[in-house]
There are 2 protein chains.
Amino acid sequence: MNIPENPHTFSISMLAKEFDVTTRTIRFYEDKGLLTPKRQGQTRIYSSSDRTKLKLILRGKRLGFTLEESRDIIEMYSPGQNNEQQLKKLIDGIRTRKSNLQQQLHDIEVMMLDLQESEERCLNSLNELGAPGY
Amino acid sequence: MNIPENPHTFSISMLAKEFDVTTRTIRFYEDKGLLTPKRQGQTRIYSSSDRTKLKLILRGKRLGFTLEESRDIIEMYSPGQNNEQQLKKLIDGIRTRKSNLQQQLHDIEVMMLDLQESEERCLNSLNELGAPGY
DNA sequence: GCTTACCTTTACGTTAACGTAAACTTTAAC
DNA sequence: GTTAAAGTTTACGTTAACGTAAAGGTAAGC
């Protein structure tokens, strides 16, 4: 099932290869309810929506999110129900997530500068040690 | 031992309170070799260097670093030996870390924009639903 | 018809990063 | 002199996020 007829669908190994994860990982995400592929017999068929969700999960991982947090992010992208209660709760979630990202942004900037300094100190040490530009 | 005489030292509970972590967590970091407080009898006495390291660890955590990665970060801040080999290795580490941060930065920017859109869609839904500005 | 390449399910194993509890010591306060 | 607050060690428990292995089904290529 390496190349499904429908160009807008994907096999599990296609996604695994594209995003450099194992099929086990993808199935695990399904187990946790983050992905819900269709089935052709026993075989999983992923839509481009599933693919997007997987992308979101992996981006979340790079930012240190748990799967639960990524689940929230997905929900923020594709809101299910429109109940007023739920909408407000969703908005609140989005706002605190944004403020978290703001904090992360700041952390990264500071760490970036610190690392810059460290690198230069190291390069200086290398020079003084008689080893030229690296 | 809540207020050591020396103003440049800290008790474990002082640090725990300041950074909002448990003492267990701080001792755990010591167990992993990330902190090395002095002792006054049995009691741990933390220097401001220890405090800085703890700060680095927690910043790392906010960015999704493992403790091993934070250990590397600490090493980048306070290089121990000046051997040419080690310096080069350190510089390499700094550079790949910087490029990782660059990726995270990009991820955050994109996610920020996406969340912005989502929030506005939600606010629109709220309006159409008859519930004004939130 | 047999190997190869995918796919499946089930299930036990593993690692990181602490939490939680027990049992005990030391110092400060009343 | 005893209660309270902080400190200590030891040790078992827990959760997340998969890894790894076993055992088997299907479909294509030679």
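Chain letters run A, B, ... following the sequence lines, proteins first, then strands; residues in each count from 1. All of these numbers come straight from a predicted model, not from anything done at the bench.
- Look at A/Tyr29 and you'll find a side-chain N or O under 4.0 angstrom from OP1 or OP2 of D/dC18.
- For B/Thr43, counting side-chain heavy atoms from C-beta on, the closest listed nucleotide (C/dC18, D/dT9, D/dG7) is D/dG7.
- Between B/Lys17 and B/Phe10 there is no side-chain heavy-atom pair separated by less than 4.5 Å.
- Atom C1' of nucleotide D/dT9 and atom CZ of B/Arg39 are separated by 10 Å, given to the nearest angstrom.
- C/dA16 atom C1' lies 16 Å from atom CZ of B/Phe65, rounded to whole Å.
- Taking atom CG on B/Leu15 and atom C1' on D/dG7, their separation rounds to 14 Å, with Å as the unit.
- Phosphate contact (OP1/OP2 of C/dG19, side-chain N/O of B/Thr25, threshold under 4.0 Å): present.
- In the set D/dT9, D/dC18, C/dA17, the nucleotide with an atom closest to the side chain of B/Phe28 is C/dA17.
- Partner of A/Glu119 under the salt bridge (Lys or Arg N to Asp or Glu O under 4.0 Å) criterion, out of B/Lys88, B/Arg97, B/Lys98: B/Lys98 alone.
- Contact check for B/Lys61 versus B/Ser70: no side-chain heavy atoms found under the 4.5 Å cut-off.
- In this structure, B/Lys17 atom NZ and D/dG7 atom P are separated by 9 Å, rounded to whole Å.
- OP1 and OP2 of C/dC7 both lie 4.0 Å or more from every side-chain N or O belonging to A/Arg44.
- Of all nucleotides listed (D/dC18, D/dG7, D/dT9), D/dG7 comes nearest to the side chain of B/Ile12.
- Listed pair A/Lys61 / D/dC18 meets the phosphate criterion, a side-chain N or O lying under 4.0 Å from OP1 or OP2.
- Take the nearest nucleotide of DNA chain D for A/Gln42 and for A/Arg24: the residue whose nucleotide is more 5' is A/Arg24.
- Ionic pairing of A/Glu75 and A/Arg71 is not present here: no N-O contact between side-chain nitrogen and carboxylate oxygen is shorter than 4.0 angstrom.
- The base of C/dT8 lies outside donor-acceptor range of the side chain of A/Arg27, with no N or O pair under 3.5 Å.
- B/Tyr46 has its OH atom 16 Å from the P atom of D/dA6, to the nearest Å.
- The residue among B/Thr66 and A/Thr23 whose nearest nucleotide of DNA chain C lies closer to the 5′ end is A/Thr23.
- Rounding to whole angstrom units, NZ of residue A/Lys32 and P of D/dA17 are separated by 8 Å.
- In this structure, the nucleotide among D/dG19, C/dT9, D/dT8 sitting nearest to the side chain of A/Thr22 is D/dG19.
- Summarising the geometry, the separation between CD on A/Glu68 and P on D/dC18 is reported as 12 Å, rounded to the nearest angstrom.
- Rounded to an integer number of Å, the gap from A/Leu58 CG to D/dA17 P is 13 Å.
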